[in-house]
Novice: 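Dropping the structure in here first, questions after.
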Amino acid sequence: MATDIKDLIEPIAAQFRGLNGVHPGQWPLAPRILCGAGVVLGVLVLGYFGYWSGQFEEQDAGAAKELQLREEYRLKTAQAVNLEALVAQKAQVDQYVVRLEKQLPSKAEMAALLSDINQAGLGRGLQFELFKPGQVNVRDYYAELPIDIKVTGNYHDIGAFASDMANLPRIVTLNNMTLNTGRDGTLTLDAVAKTFRYLDSEEVAAQRKAAALKKKGGKP
């Protein structure tokens, strides 16, 4: 068997001997086939790394972009189908915001609101020992005014006063409340009443300018 394989290979191997100095066109069949296969393989390798690899990358990028566009199309189609419901929902939100804004006084109305808070206490027979508005804190969309208060009276009147604060037409909250009992049995309420107002046009412009500066890193 080994002799048969050797006899089969020997003629092919003989074709590769004595090729030095011989023009490739005059080579025997086997060397020419092997050389041609090597040239084809080299062209394929160079073509892949020099041209086709970039084409494959573009194809992959295009496929990823197609998936992204399909997902965007699906989302926008869903939004378009639900457009009517979204418009109605936005209208409800706008109405809710308007109702909340109506509960916030303007800067000009703050004095009347402070008077309402004071009258609520006096109307319950409470004695104000302290009623001191603090520094206004301007937030993104509203301004907050803390008021240090100290009132003296009986338990039921102080409870009714706290209830009156919650039922004012404008938003007023009582914070940091402490109750102390005096020697005569009366109670003293120390608290911080906070009320809120919406910003006027100048304050809104100042807030937008500050936000823009912050976005730029504080640079004018």
Novice: What is the distance from atom OG1 of Thr178 to atom NZ of Lys150, rounded to the nearest 0.5 Å?
Specialist: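 Reported value, rounded in 0.5 Å steps: 8.5 Å.
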Novice: Quick one, Leu174 and Ile149 - any side-chain contact, counting heavy atoms below 4.5 Å?
Specialist: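 The answer is yes; the side chains approach within 4.5 Å.
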Novice: Would the distance check show the side chain of Asp157 and the main-chain N or O of Gly153 forming a donor-acceptor pair, the cut-off being under 3.5 Å?
Specialist: no
Novice: Any idea which heavy atoms bring His156 and Asn154 closest together, and the distance?
Specialist: N-OD1, 3.2 Å
Novice: State yes or no: do Leu168 and Leu126 share one hydrophobic cluster built from I, L, V, M, F, W and Y residues joined by side-chain heavy-atom distances below 4.5 Å, directly or via other members?
Specialist: yes
Novice: If you take all heavy atoms of Pro133 and Leu145, which pair is closest and at what distance?
Specialist: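 It is CB-CD1, 4.4 Å.
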Novice: I'd like to check the side chain to side chain contact (heavy atoms under 4.5 Å, CB included) partners of Glu71; sequence neighbours left out, ordered by chain and number.
Specialist: Arg74, Leu75
Novice: What's the separation between atom OG1 in Thr173 and atom NZ in Lys194, rounded to the nearest 0.5 Å?
Specialist: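 Taking OG1 in Thr173 and NZ in Lys194, the distance rounds to 6.5 Å.
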Novice: Do other residues, nucleotides or ligands put more than 12 heavy atoms under 6.0 Å from Glu72 CD?
Specialist: yes
Novice: For Gln89, does the CD atom sit with more than 12 other heavy atoms under 6.0 Å from it, leaving out its own atoms?
Specialist: no
Novice: Mind checking whether Lys65 and Leu67 have side chains closer than 4.5 Å, heavy atoms only?
Specialist: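 Heavy-atom side-chain distance check fails, nothing below 4.5 Å.
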Novice: Name the atoms and distances for all side-chain donor-acceptor pairs under 3.5 Å in residues 113-124, with sequence neighbours left out.
Specialist:
from: Arg124; atom 1: NE; to: Asp164; atom 2: OD2; distance (Å): 2.7
from: Arg124; atom 1: NH2; to: Asp164; atom 2: OD1; distance (Å): 3.2
from: Arg124; atom 1: NH2; to: Asp164; atom 2: OD2; distance (Å): 3.4

Novice: Write out all pairs satisfying salt bridge (Lys or Arg N to Asp or Glu O under 4.0 Å) with one or both partners inside residues 172-181, taking only residues at least two apart or from two chains.
Specialist: none
Novice: If the condition is side chain to side chain donor-acceptor pair (under 3.5 Å), which residues does Arg183 pass it with, not counting sequence neighbours?
Specialist: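 Counting only residues at least two positions away or on another chain, Arg183 forms no side chain to side chain donor-acceptor pair (under 3.5 Å).
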Novice: Mind checking side chain to side chain contact (heavy atoms under 4.5 Å, CB included) for Thr186 and listing every partner two or more places apart, or none if nothing turns up?
Specialist: Thr152, Asp184
Novice: With Val151 as reference, evaluate Thr188, Leu189, Leu187, Asp190 under the side-chain contact (heavy atoms from CB on, under 4.5 Å) test and give the passing residue.
Specialist: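 One option only clears the test, and that one is Leu189.
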Novice: Can Leu179 be reached from Met177 by stepping across I, L, V, M, F, W or Y side chains whose heavy atoms are under 4.5 Å apart?
Specialist: yes
Novice: Tell me whether Phe161 is reachable from Phe131 by hopping between hydrophobic residues (I, L, V, M, F, W, Y) whose side-chain heavy atoms are closer than 4.5 Å.
Specialist: yes
Novice: Under the rule for ring pair (Phe, Tyr, Trp, His ring centres under 6.0 Å), what residues qualify as partners of Tyr155, not counting sequence neighbours?
Specialist: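 Partners of Tyr155 under the ring pair (Phe, Tyr, Trp, His ring centres under 6.0 Å) test: none.
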